[in-house]
Amino acid sequence: MVRGDKIVIFIIVCIALGLLGFSKVLITSSPHRYISVQVSGKEVEKLDFEGVKKSKTYQVNTKKGYNIISYNSEGATLIEADCPDQICVKMARISKPGEMIICLPHELVVEVKSSKPGKNDLDSVLR
């Protein structure tokens with residue numbers, strides 16, 4: 001490898017690290033986030049979870065059953081449901097805009113949204 005090759009590799013690595021850092025800044029600088037609780041496609045509650053130190057719970061009652069959401073400043077998760085498959089309870093904690101927990105038997109969607117969607121939000125293809 002000659003000196004010119006090393007310079008080109010160094011420039012490419014610097015550009016790649018710069019782009020990685022820039023994308024991290026865009027992701028972490030999203031506006032105010034909240035949890036949208038939707039039943040049968042209609043939003044029934046907005047839960048503000050930023051700045052919540054101790055975990056809080058919120059119970060969602062539908063015609064088909066109930067779900068209990070636990071949330072704090074780190075995100076939200078479903079901790080209990082009376083649906084037969086319990087897939088929603090096994091789903092991971094959500095904290096970034098666009099992430100969702102879905103309970104199909106109860107027609108429930110728990111989604112993290114931001115107050116100002118737009119240029120800082122990534123689309124689902126990039127995730």
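Heavy atoms only: backbone and side chains are in, while hydrogens, waters and symmetry mates are out.
Through direct or relayed side-chain contacts under 4.5 Å between Ile, Leu, Val, Met, Phe, Trp and Tyr, I12 connects to V8. Listed by chain and number, the hydrophobic cluster partners of M100 are I102, L104, V109, where partners are ILVMFWY side chains within reach of under 4.5 Å, directly or through others.
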Distance-only criterion, 3.5 Å: show the donor-acceptor pairs between side-chain atoms of residues 76-89 and protein atoms not counting sequence neighbours.
unit_1, atom_1, unit_2, atom_2, d
E80, OE2, Y66, OH, 2.6
D82, OD1, Y66, N, 2.9
D82, OD1, H106, NE2, 3.1
Q86, NE2, A81, O, 2.7
Q86, NE2, C83, O, 2.9

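A 4.5 Å side-chain heavy-atom check between I69 and T57 finds every atom pair outside the cut-off.
A cation-pi arrangement is absent between K113 and Y34 under the rule of less than 6.0 angstrom and at most 45 degrees off the ring axis.
One distance of note links CD1 of I35 with CD1 of I94; it measures 6.5 Å at 0.5 Å rounding. Atoms NZ and CG, on K54 and N72 in that order, are 12.0 Å from each other to the nearest 0.5 Å.
When the side chains of ILVMFWY residues are joined at heavy-atom separations under 4.5 Å, either directly or via intervening members, I68 and L108 end up in two distinct hydrophobic clusters.
Residue pairs that meet the salt bridge (charged side-chain N to carboxylate O under 4.0 Å, His left out) test with at least one member in residues 9-22, sequence neighbours left out, do not exist here.
Every residue meeting the salt bridge (charged side-chain N to carboxylate O under 4.0 Å, His left out) condition with K64, not counting sequence neighbours, appears here in chain and number order: E107. With sequence neighbours left out, the side-chain contact (heavy atoms from CB on, under 4.5 Å) criterion links V13 to I9, L17. For the salt bridge (charged side-chain N to carboxylate O under 4.0 Å, His left out) test, no residue two or more places apart in sequence or in another chain qualifies with E43. Partners of M91 under the side-chain contact (heavy atoms from CB on, under 4.5 Å) rule, at least two apart in sequence or in another chain, are I101. I11 is linked by a side-chain contact (heavy atoms from CB on, under 4.5 Å) to I7, I15, counting only residues two or more places apart in sequence or in another chain. With sequence neighbours left out, Q38 forms a side-chain hydrogen bond (donor to acceptor under 3.5 Å, both in side chains) with S36, E111. With sequence neighbours excluded, no residue forms a side-chain hydrogen bond (donor to acceptor under 3.5 Å, both in side chains) with S73.
Between S95 and G75 the shortest heavy-atom distance is CB-CA, 4.0 Å. Scanning both residues, N67 and C103, for their nearest heavy atoms gives ND2-SG, 3.7 Å. The heavy-atom pair separating Y71 from L47 by the smallest distance is CE2-CD1, 3.8 Å.
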